[in-house]
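Lettering of chains follows the sequences in order, A, B, ..., and the numbering in each one begins at 1.
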Amino acid sequence: MTSPDTQQALIDRLVADATPVRRLWPPAARLALWAALLAAMLIAIAVAAGWPFGAASRAPSLPWELVCAVAAALLWAALALRDAVPGRATPRGARLAVALLALAPLAFWLGDPSTQGELTLHAFIERGLPCTRLTIGLALLPCLTLLWAVHRGAPLSPRRAAAWSGGAGFLSGYLLTRIFCPMTDPAHLLIWHVLPVVGGIVVCTGLGSWWLARWRRRRPQLG
Amino acid sequence: MRAAQAGDQAMYRELLLDLGPLLGRFLRRWTNEPQDLDDLTQDTLIAMHRARHTFDPSRPLEPWLFAIARHVAADHLRRRAARLAHELPVERLPDVAAPDQDGSAMRGLEDALARLPPNQREAFELLKLEGLSVEAGALRAGTTTGALKVRAHRAYRALKAMLRG
């Protein structure tokens, strides 16, 4: 079969498969929906925690830390949703800036002196594990909804889109947990709050990239 | 494209026919080999078809289309580089095929092909005789790329066993 014949046969096949499709909403509209979900979770947790939130009484900068985390989560989500549409991926410089923004919440406590010197290892773990569980638990809904939203599109770089989705989801988990957690110690925050976020992003990138690449392998709906 | 998204098959055909040469010119940046160029054009059309719901009619078509084409080309080159890494280069390819004066080898291959299960034979014919890419072959066979690769692999194994006697 010659090349034009092959191409013609392919076009016939594609045309036969051209059923009406539901157009994807623009990334901004989909981001607004995801932001509404995050806001609902944030309000529910804030109401449950009551003011002053856990660490807010001891760390006056907590509201600013939360604002930074919200901004980072929203921007990571925006990049994930843009990556789901061919031709809408964000330029490399902007991606790098947004990626670094995720480190901003750390600036509010990383340099603080440790207040847990007297804690035994057992007590350190006992206080930390609930925070990790909460971070992961609260990250699941925003992370999975975002992955699902990206999966509805056609991400040309599934690994990158999965990393952005995981990052947005786990940053949400981080900020929601920070509302509850009364600890201000940098070692506690680094190990029990930040490490789960990093681990979550790695796991989400690994599993999500496989799932998000499926749009290239979708079986045509013929007939 | 808006009409294509709504399921207008005539407009979609027209669009695909128009896009073929445009894609060919764009993809020439990545390869000049006619076979590769055909594969890339077809793979891009398939990817475009699968992603057609993501196109926003209020925006120009080219950035959307060329982003897909660029991705398909990069993917293709990456796979080719990986394949070449596992192949041994030869100094000079023979100009002609090995002699099969009495036609027995060809008859043996035809017999072996006839004995293959139909789906394996189809996979072999699409990929090796018609020279389609895995994606285009899968679309023709109405199956997934993974399933087509498995069928082709089983066909190679069965043919090898049959031809060795």
Side-chain angles (χ1 to χ4, degrees), chain A residues 1-30 80-91 149-161 209-223, chain B residues 2 4-17 19-20 34-35 37-39 41-43 45-72 74-75 129-132 135-136 138-140 142-147:
Chain A
M1 195 182 267
T2 60
S3 164
D5 287 341
T6 312
Q7 194 153 318
Q8 187 57 51
L10 175 68
I11 289 176
D12 290 344
R13 196 85 184 185
L14 295 178
V15 169
D17 186 44
T19 48
V21 287
R22 208 171 68 189
R23 204 176 293 146
L24 201 67
W25 289 6
R30 306 170 83 218
L81 292 169
R82 284 177 68 96
D83 260 5
V85 182
R88 298 290 301 275
T90 314
V150 173
H151 181 255
R152 288 261 306 117
L156 294 180
S157 175
R159 189 175 300 154
R160 201 172 63 203
S209 59
W210 169 81
W211 190 54
L212 294 181
R214 286 185 63 201
W215 74 272
R216 287 289 308 272
R217 303 190 290 265
R218 263 174 219 155
R219 192 178 178 144
Q221 297 163 346
L222 296 173
Chain B
R2 185 197 295 265
Q5 285 176 327
D8 184 334
Q9 298 194 335
M11 292 293 281
Y12 192 41
R13 178 183 297 279
E14 209 170 298
L15 175 75
L16 292 175
L17 289 171
L19 289 182
Q35 180 63 48
L37 206 56
D38 284 343
D39 282 352
T41 305
Q42 290 176 22
D43 285 352
L45 289 176
I46 294 169
M48 189 203 93
H49 177 75
R50 287 178 178 154
R52 67 191 188 283
H53 65 292
T54 65
F55 176 69
D56 178 354
S58 66
R59 292 174 165 269
L61 177 71
E62 283 82 2
W64 178 83
L65 179 67
F66 292 157
I68 294 174
R70 208 176 297 120
H71 167 74
V72 168
D75 205 31
L129 302 185
E130 294 188 23
L132 295 185
E135 293 225 310
L139 197 73
R140 280 272 296 279
T143 185
T144 61
T145 53

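With a threshold of 4.5 angstrom between heavy atoms, Arg59(B) approaches chain A through side-chain atoms but not through N, CA, C or O. Looking at Phe66(B), neither its backbone nor its side chain comes within 4.5 Å of chain A, counting heavy atoms on both sides. Contact annotation for Ser58(B): neither backbone nor side-chain heavy atoms come within less than 4.5 Å of a heavy atom of chain A. For a residue to count as touching a neighbouring chain, one of its non-hydrogen atoms must lie under 4.5 Å from one of that chain's; by this rule Ala84(A) touches chain B with the backbone only. Contact of Arg22(A) with chain B is made through the backbone alone, with heavy-atom distances under 4.5 Å.
For chain A, the option among Ala147(B), Pro63(B), Ala6(B) with the highest count of heavy-atom pairs below 4.5 Å is Ala6(B). The candidate from Pro86(A), Ala154(A), Ser157(A), Gly87(A) with the greatest count of non-hydrogen atom pairs under 4.5 Å with chain B is Pro86(A). Between chain B and the residues Leu24(A), Val21(A), Asp12(A), the largest count of heavy-atom pairs under 4.5 Å involves Val21(A).
Here the CH2 atom belonging to Trp64(B) is positioned 13.5 Å from the CZ atom belonging to Arg88(A), to the nearest 0.5 angstrom. Atom-to-atom distance recorded for Leu14(A):CG and Arg50(B):CZ is 9.0 Å, nearest 0.5 angstrom. Note: Ile46(B) CD1 to Leu10(A) CG = 5.0 Å, rounded to the nearest 0.5 Å.
Residue Leu156(A) comes nearest to His71(B) through the heavy atom pair O-CE1, 2.7 Å, listed as atom of the first residue, atom of the second, then distance. The heavy-atom pair separating Arg52(B) from Thr19(A) by the smallest distance is NH2-O, 3.1 Å.
Counting only heavy atoms from C-beta outward, the side chains of Val85(A) and Asp56(B) never approach each other to under 4.5 Å. At least one side-chain heavy atom of Gln8(A) sits under 4.5 Å from a side-chain heavy atom of Leu17(B).
Around CZ of Arg159(A), the count of heavy atoms belonging to other residues, nucleotides or ligands within 6.0 Å does not exceed 12.
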